[in-house]
Structures are given as C-alpha cells and as structure tokens.
Amino acid sequence: MQTLFINIKELLQIREAGIDMISGSEMAILPKINDAFLLIENNIITDFGPMKNCPKVSNTEIIDVSGQVILPTWVDSHTHIVYAGNRIQEFVDRINGLSYEEIANRGGGILNSAKKLNETSEDEIYEQSKLRLEEIMQQGTGAVEIKSGYGLTVEGELKMLRVIKRLKENYPIAIKATFLGAHAFPMEFKENHSAYIDLIINEMLPKIAAENLADYIDAFLETGYFSVEETIKIMKAGIQYGLEPKIHVNQFTAIDGIKACVENGALSVDHLEIVTDEDLEVLKNSKTIPVALPSCSYFISIPYTPARKIINTGLPLALATDYNPGTTPSGNMNFVVATACIKMKMTPEEAINAATINGAYAMGISETHGSITKGKKANIIITKPITSFYQLPYAFGTNLIDKVMIEGKFI
Ligand SMILES: N=CN[C@@H](CCC(=O)O)C(=O)O
Ligand SMILES: [Zn+2]
C-alpha cells in the first residue's frame, strides 16, 4: 500500500539517516522543502523531495495537500499518563494560596494519587488511561514515554506497568515504559528511607525485570524526596537490570544531582527549572540530554527551564509534556511548543527540533522516529492550510492539525 502526498506547502524536519539529536546553535536550523512530495509505503517513509522530482506512481493513493504543512509527529519523552482519578481539589487549593510543597506535606500530591491508584482496579486504570493516550494521539503525538510511580507498593507499581504494557499492545503508537518506584516515600517509610529503597531494589525491580515491564528507571531527585546518594543507589540497581536512567532532577532546587545522573550514564535529565553553571558544565560532552517541561512551569507557576542558557552553552534540549494529574494535567505538545517559544524564547525552529528529533533521542528511538527520513516510521502531522509553520506556535490554543498519521495509518 503506497500513499503519495503532493503539493506540500512546507515539509519540515527532513534529515539524513543517522542523525540522532541536535545541539546548540544547530537547533536554530529546521531543514525543510517548500512545495514538496512525500511517499509512504505501508508504515515507512520511502521518498520525499521537491515537487519537480515527484515520481510517477501507479497503484498509489494520491493526496493533494496544497497550502498545508507536513511535519513528523511529536515525540513526548516524559509523561505519567497512567493514573487513577484526578487532583482537581489540589488545583483549587493552590489557587487559594497553598503551594505544591504544602499540599504534599499534608499527604496530598503524589501520595494522594498513589492512594487512588491502589484503590482502583487494573482494568479501570486501563480504561481511564487509554482515553488520555487517544487524546494525545489526536493532538499529534506519535511516540510517548510513560512512567509508573503512583503505585509505591509492589502490587501498585506492577499494576501500572502492566497497564502500560497493555497500551503498548493495543495501540500503534511507540511507547516506552519507565519504572518510577522512587517517586515519593510512602507515609510508612518517611522515617525509614532505606527500607523503602530496599523494597524497590529487592522486591520491585526483580519482578519488573522478570515480566520485562520497563525500559528505563527514574527517580525524583529533589530536596524532600530522593537524595543524591539514594538516587545513585536506585540508578545503579536499575542499570543492573538493563534499565537506563532518566531522572527527575532540579525541579525546585539544585543539589548537584545532575552530576550524579551524568556520571551514571543517564539518557536524560528532566525538569531543570533551577540550574547552576556547574550543572550545565557537567552536561557538556555527555550523552545525557536535558528535557524541559514548560506546561508544568505554567500550571504550578514555577520558573521556566532556562532554554536560552542551555542552548547557548551548546547543549541539546528536548521538550516534553510531563502529563500527570498533579503538576501538568495536559498532554498537548502543541501547547508545549508554543509555550517554549512564548515563555522560554526558543525560536519555532528550536522548539520543533526539541519536540521531535531531540524527544526521540530522549526516549531512545531516534533510529525510527523524530524526523522525515527515508526508512523511518510514517508518523506525520498534516496541518490545516496555514501561512507557514510559524503559525503553529503563534496561534497557540488553536487546533491547526488536520490529520495525524501513525505507522502509515490515519488515526
Ligand atoms: N516532580 C515529580 N513528578 C511529577 C509530578 C508528580 C505529581 O505531582 O503527581 C512531575 O514531573 O512534575
Ligand atoms: Zn514528571
């Protein structure tokens, strides 16, 4: 089955094979072809170029997209979309003056979600979570990482990861699963951290590995959550089971956590709303990519990750949603890209690079996703007729997506 798109106004993010991420000043360049064609065979991109080189084809569905822009689907490398219920009351409490920290200290926050999750059946969690997955696919996301971390018990964590596995089996979108047992200390372990860390390492990890339920390991490395030393223990244990670290770090405070993540070969360090010059220095010449989550900053009113400083230092940057019930109840990558431009002063070219090819690097799928490249998955967003791709972040809040194709099929 072949599909040929013709008269594409702008075909964005065209790359040769073998480019896995874009750093520093290179991020300002978004390679594109004006007036282009794109050929897809089954679920793979097989050819593209200017219309003057458009091949003569037979037995092919031809779709004329005059005035419309085509780009690779978004790659959302950081989400928590498997959860039960919501935290709407905490949202109202914050409007009335309580901080995220104060709510967490009252037993709200992550522990509130963990209570709900442990009281909800696996089938019910699946039903609630699949609606969020379907929602983000409609919004142009073609690959997503999903974390556990609202179980915080052996059974709860396994339940979450089994739901992620079912989503992987039942949907065409690429999904990576991350084990985040180290998201918060349950109440009964508040005074006995080492016992909970033992539970993670000796009970949860072996069971998760035996069922092959996770691709990555995560921890919330933060003042009041997991210390640098505790996180190092967890990273090392995950690595023993073949799980590369992807770590929540520097969301509220800078405590030298990034250095520990880099030294332990983390694939990504995520949040980085607060960063020091030393943090950025250790990221240089490492394979660890920083990931910014601007919808989280927007929703809980914390600083935005200093994207300009990170990019101007020569580092790469990826953008993701952080979709979760507490700090970011939104999985809309279009909003993330617009907010990165508006609030973090990223150019549209930088933001789209960060939300596609660099997102693919941050979830370990850059060989197959993140760019319009021959041999990569046929995952594309087709916009409505627009003046140029700059309209995407400019008209923030307007849905400019006409169709989304994942693995060669319109969803
Ligand atoms: N910061 C840690 N974890 C999530 C929020 C968790 C929650 O509040 O439920 C985040 O990335 O923002
Ligand atoms: Zn998160």
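Just so you know, ligand 1 is whichever comes first in the structure, and atom 1 is the first atom listed for that ligand.
A centroid separation of less than 6.0 Å is found between the aromatic rings of F299 and F91. For F185 and F226, the distance between ring centers is under 6.0 angstrom.
Under 2.8 Å from the Zn ion (ligand 2) lies no N/O/S atom of C296, from backbone or side chain alike. D322 lies close to the Zn ion (ligand 2), since one of its N, O or S atoms is found at a distance under 2.8 Å.
The closest protein non-hydrogen atom to atom 8 (O) of ligand 1 is Y100 OH, 2.5 Å. Summary of contacts: the protein heavy atom closest to atom 1 (N) of ligand 1 is Q251 OE1, 2.6 Å. The closest protein non-hydrogen atom to atom 3 (N) of ligand 1 is H183 NE2, 2.8 Å. Shortest contact from atom 10 (C) of ligand 1 to any protein heavy atom: D322 OD2, 3.1 Å.
Y361 is not listed as a side-chain neighbour of S268, based on a closest heavy-atom distance of 4.5 Å or more.
When you scan the N, O or S atoms of H248 for the one nearest the Zn ion (ligand 2), you land on NE2.
The pair R15-D20 does not meet the salt-bridge criterion, since no charged nitrogen lies less than 4.0 angstrom from a carboxylate oxygen. In this structure, E244 does not pair ionically with K246, as no charged nitrogen and carboxylate oxygen lie closer than 4.0 Å. Salt bridge annotation for K207-E203: present, with a cationic side-chain nitrogen under 4.0 angstrom from a carboxylate oxygen. Residues E263 and K259 are paired through a salt bridge, judged by an N-O separation under 4.0 Å between the basic side chain and the carboxylate.
The shortest N or O to N or O distance between S113 and ligand 1 is not below 3.5 Å.
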- Task: Might you work through the side-chain hydrogen bond (donor to acceptor under 3.5 Å, both in side chains) test for T313 and K284, ending with a clear yes or no?
- Result: CA-CA 8 Å; T313 308; K284 281 188 195 163; 5.9 Å; no
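Here E222 has no heavy atoms under 4.0 Å from ligand 1, in either its backbone or its side chain.
Taking both residues in full, the closest heavy atoms of Y196 and A184 are given as CE2-O, 3.7 Å, listed atom of the first, atom of the second, then distance.
Within ligand 1, counting atoms from 1 as listed, the ones closer than 4.0 Å to a heavy atom of T327 are 5 (C), 8 (O), 10 (C), 12 (O). Near H78, meaning under 4.0 Å from any of its heavy atoms, are these atoms of ligand 1: 11 (O).
Looking at F220, Y83, Y150 and measuring to atom 6 (C) of ligand 1, the nearest heavy atom belongs to Y150.
Around the Zn ion (ligand 2), the angle linking H78 (NE2) with H80 (NE2) is 110°, rounded to 10 degrees.
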